[in-house]
Peer 1: 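Structure provided below as structure tokens; questions to follow.
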Amino acid sequence: MNNIFVYIEMENGAVADVSLELLTKGRELARTLGVKLEAVVLGEQVTGIEKELAKYGADTVWIADDATFAPFRTLPHTAVLCGLIRQEQPQIVLFGATPVGRDFAPRVSSALYSGLTADCTQLVIGDHKDAKTGREYTNLLYQIRPAFGGNIIATIVNPDHRPQMATVREGVMRKEYAPEPGAGEVKPIDWKSYVKDTDLAVRIIDRQIEERKINIKNASVIVAGGYGLGSKENFRLVHELAEVLGAEVGASRAAVDAGFADHCRQVGQTGVTVRPKLYIACGISGQIQHTAGMDQSSMVISINNDPDAPICKIADYAITGDVNEVIPKMIKYYKQNSK
């Protein structure tokens, strides 16, 4: 088996951040395996895109440039990528866990009789020994993600089928330029040989896309509240602290489920992944489901009445106390000392 593929998703003519994050991670995996990193672009008017992708380490950029591929349609995209994978036989294929990726990746995986792990939080190369057969495998893709409602971290491997496939949510991986740009060699895809008339049976007549009203993923400071606040009324303290700090408001899944905050503010495996400079966790226990979405924060401050809460173990500073008493004191102190 050969190189690593990253499917490049386009948003309004620009490369999606999650694809650049996957190129950054793919570059690391490719270096470990001693193979090339290849990007796959299916879109319209994408001339010159290889220059941007090369900055993130893409050695090869496969391109199908035609109106057939914009906007995204499941069937022609699946036909082309499956055909290219059969032709080039990559050992790993990575997708963003976006609405497009969640539609696209399972269809490709099913068509190729390959495995797929969704919503991975880590991707690592490692070895594996089958406990039943004793057979040993080298250089497998460890696909790591929370499982069983976020109560454990599962490491999933696919020893016998290729390609190994995974989706990763935006913000989980870092987005960084390569120390040395990739070659960015453009290779056109012979897509017409893969697409059948039946793949074009669905036409998109109109699209209505509403932008997010609240977007906390790029906030530099986040104050997040959990179920420990006790009520929606008490959750207002989180908003008040965020206001004086010039921060965004986040929430745990338990707080969202209890109606304390909107889902768009949920941080965690089933919410938004963030990596702010400062993350203040108020009344959040810190289960895996939540920490998977914020453990890359530069600094974490926890406020919890349980000193043994999981969040306290990953916090840089842990304040033990009643969150409904601590936050007002923080607000008062900040106002007095920020004049």
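Because the structure is a prediction, the values reported are computed rather than measured.
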Peer 1: Measuring from Met165:CE to Cys120:SG, what's the distance to the nearest 0.5 Å?
Peer 2: 11.5 Å
Peer 1: Report the residue from Glu185, Glu50, Glu38, Glu88 that forms a side chain to side chain donor-acceptor pair (under 3.5 Å) with Trp62.
Peer 2: Glu38
Peer 1: What closest approach, in Å, do Thr198 and Leu75 show between heavy atoms, and which atom pair accounts for it?
Peer 2: O-CD1, 3.9 Å
Peer 1: Atom CG of Leu141 and atom CG of Asn158: how far apart are they, to the nearest 0.5 Å?
Peer 2: 9.0 Å
Peer 1: With side chains defined as the heavy atoms from C-beta onward, is the minimum distance between Leu33 and Gln91 less than 4.5 Å?
Peer 2: yes
Peer 1: When you group the ILVMFWY residues by side-chain heavy-atom contacts below 4.5 Å and let the links chain together, are Ile284 and Ile222 in the same group?
Peer 2: yes
Peer 1: Which residues satisfy the side-chain hydrogen bond (donor to acceptor under 3.5 Å, both in side chains) test with Arg265, sequence neighbours excluded?
Peer 2: Glu248
Peer 1: Write down the atom of Gly57, the atom of Arg27, and the distance for their closest heavy-atom approach.
Peer 2: CA-CD, 3.9 Å
Peer 1: Between the side chain of Asp59 and the main-chain N/O of Leu37, is any donor-acceptor distance below 3.5 Å?
Peer 2: yes
Peer 1: Could you tell me which non-hydrogen atom of Ser298 sits nearest to which non-hydrogen atom of Lys277, and how far apart they are?
Peer 2: CB-O, 3.4 Å
Peer 1: With rounding to the nearest 0.5 angstrom, report the CG to OG1 distance, Leu81 to Thr78.
Peer 2: 7.5 Å
Peer 1: Are Tyr177 and Ile49 connected into the same hydrophobic cluster when the rule is that any two of I, L, V, M, F, W, Y join if their side-chain heavy atoms are below 4.5 Å apart?
Peer 2: yes
Peer 1: Assigning hydrophobic clusters by single linkage (Ile, Leu, Val, Met, Phe, Trp, Tyr; side-chain heavy-atom cutoff under 4.5 Å), is Ile280 placed with Ile214?
Peer 2: no
Peer 1: As an exercise, state the distance from CG of Leu42 to CG of Asp66, rounded to the nearest 0.5 Å.
Peer 2: 11.0 Å
Peer 1: A quick test of your reading: do over 12 heavy atoms of other residues, nucleotides or ligands sit less than 6.0 Å from OH of Tyr194?
Peer 2: yes
Peer 1: Heavy atoms, side chains only, cut-off 4.5 Å: are Pro307 and Cys312 in contact?
Peer 2: no
Peer 1: Is it the case that atom CD in Glu44 sees more than 12 heavy atoms from other parts of the structure closer than 6.0 Å?
Peer 2: yes
Peer 1: Can a salt bridge be assigned to the pair Asp322 and Lys329 using a cut-off of 4.0 Å between side-chain N and carboxylate O?
Peer 2: no
Peer 1: Could you give me the CA-CA distance, side-chain angles and deciding distance for His77 and Phe69, then say whether ring pair (Phe, Tyr, Trp, His ring centres under 6.0 Å) is met?
Peer 2: CA-CA 7 Å; His77 273 68; Phe69 304 108; 5.6 Å; yes
Peer 1: Using side-chain heavy atoms (C-beta onward) and a distance below 4.5 Å, is Lys332 in contact with Val244?
Peer 2: no
Peer 1: Using a 4.5 Å cut-off on heavy atoms from C-beta on, say whether the side chain of Tyr142 contacts that of Gln122.
Peer 2: no
Peer 1: Closer than 4.0 angstrom, basic N to acidic O: yes or no for Arg174 and Glu21?
Peer 2: no
Peer 1: Any sub-3.5 Å donor-acceptor pair from Thr133's side-chain atoms to Arg135's backbone N or O?
Peer 2: yes
Peer 1: In this structure, are over 12 heavy atoms from other groups packed under 6.0 Å from Tyr137 atom OH?
Peer 2: yes
Peer 1: Flag yes if Trp191 and Ile63 sit in one hydrophobic cluster, no otherwise; membership is Ile, Leu, Val, Met, Phe, Trp, Tyr, and two members link when side-chain heavy atoms are under 4.5 Å apart.
Peer 2: no
Peer 1: Determine yes or no for a side-chain-to-main-chain donor-acceptor pair under 3.5 angstrom, with Asn215 supplying the side chain and Lys217 the backbone.
Peer 2: yes
Peer 1: Which heavy-atom pair separates Ala224 from Ala251 by the least distance, and what is that distance?
Peer 2: CB-N, 4.1 Å
Peer 1: Between Arg169 and Thr273, do the side chains contain an N or O donor and an N or O acceptor separated by less than 3.5 Å?
Peer 2: yes
Peer 1: Could you tell me if the side chain of Ile4 sits less than 4.5 Å from the side chain of Lys36, heavy atoms only?
Peer 2: no
Peer 1: Filter on salt bridge (charged side-chain N to carboxylate O under 4.0 Å, His left out), then keep only pairs touching residues 103-116, sequence neighbours left out; what's left?
Peer 2: Asp103-Arg107
Peer 1: Which one of Asn3, Asn2, Val35, Ile125 satisfies the side chain to side chain contact (heavy atoms under 4.5 Å, CB included) criterion with Ile92?
Peer 2: Ile125
Peer 1: Which atom names give the shortest non-hydrogen contact between Ala242 and Val249, and what distance separates them?
Peer 2: CB-CG2, 3.6 Å
Peer 1: List the steps, then state whether side chain to side chain donor-acceptor pair (under 3.5 Å) holds for Ser114 with Gln164.
Peer 2: CA-CA 7 Å; Ser114 178; Gln164 302 162 95; over 6 Å; no
Peer 1: Please test Thr98 against Glu9 for side chain to side chain donor-acceptor pair (under 3.5 Å), starting from the C-alpha separation and ending with a verdict.
Peer 2: CA-CA 9 Å; Thr98 62; Glu9 187 172 336; 2.6 Å; yes
Peer 1: Does any non-hydrogen side-chain atom of Val168 lie less than 4.5 Å from one of Leu123?
Peer 2: yes
Peer 1: Do we see a donor-acceptor contact under 3.5 Å between the side chains of Gln266 and Ser252?
Peer 2: no
Peer 1: Could you walk me through whether Arg145 and Thr121 pass the side chain to side chain donor-acceptor pair (under 3.5 Å) test, one step at a time?
Peer 2: CA-CA 5 Å; Arg145 57 154 295 161; Thr121 55; over 6 Å; no
Peer 1: Could you go through the side chain to side chain contact (heavy atoms under 4.5 Å, CB included) check for Tyr279 and Val267 one step at a time?
Peer 2: CA-CA 11 Å; Tyr279 189 89; Val267 175; 3.8 Å; yes
Peer 1: Taking atom CD of Gln87 as the centre, does the number of heavy atoms from other residues, nucleotides or ligands within less than 6.0 Å exceed 12?
Peer 2: yes
Peer 1: I need the Leu20 CG to Ile8 CD1 distance, nearest 0.5 Å.
Peer 2: 7.0 Å
Peer 1: Can you classify the ring geometry of Tyr7 versus Phe104 as parallel (below 30°), tilted (30 to 60°) or perpendicular (above 60°)?
Peer 2: perpendicular
Peer 1: Yes or no on side chain to side chain contact (heavy atoms under 4.5 Å, CB included) for Leu278 and Val300, after CA distance, side-chain angles and deciding distance?
Peer 2: CA-CA 6 Å; Leu278 173 61; Val300 177; over 6 Å; no
Peer 1: Is it the case that over 12 heavy atoms from other parts of the model lie below 6.0 angstrom from the CG atom of Asp197?
Peer 2: no
Peer 1: Under a 4.5 Å cut-off applied to non-hydrogen side-chain atoms, are Thr155 and Gln143 in contact?
Peer 2: no
Peer 1: Is there a side chain to side chain donor-acceptor pair (under 3.5 Å) between Thr24 and Glu28 once you walk through the steps?
Peer 2: CA-CA 7 Å; Thr24 302; Glu28 174 190 319; over 6 Å; no
Peer 1: For Glu325 and Asn305: C-alpha separation, side-chain torsions, deciding distance, then whether side chain to side chain contact (heavy atoms under 4.5 Å, CB included) applies.
Peer 2: CA-CA 11 Å; Glu325 295 178 2; Asn305 57 12; over 6 Å; no
Peer 1: Would you name the heavy atoms of Asn139 and Asp127 that are closest together and state the gap between them?
Peer 2: N-OD1, 3.0 Å
Peer 1: Do Tyr56 and Lys175 come close enough that some side-chain heavy atom pair is under 4.5 Å?
Peer 2: yes
Peer 1: Go through it in stages, so that I can follow the logic: the residues are Thr68 and Leu200, the test is side chain to side chain contact (heavy atoms under 4.5 Å, CB included), and I'd like the CA-CA distance, side-chain angles, deciding distance and then a yes or no.
Peer 2: CA-CA 8 Å; Thr68 301; Leu200 304 176; 3.7 Å; yes
Peer 1: Say whether Leu116 and Leu94 are linked into one hydrophobic cluster, either directly or through other cluster members, by side-chain heavy-atom distances under 4.5 angstrom.
Peer 2: no
Peer 1: Whether the side chain of Asn304 engages the backbone of Asp306 through a donor-acceptor N/O pair (distance < 3.5 Å, no angle test) should be reported.
Peer 2: yes
Peer 1: With rounding to the nearest 0.5 angstrom, report the OG to CD distance, Ser19 to Glu52.
Peer 2: 10.0 Å
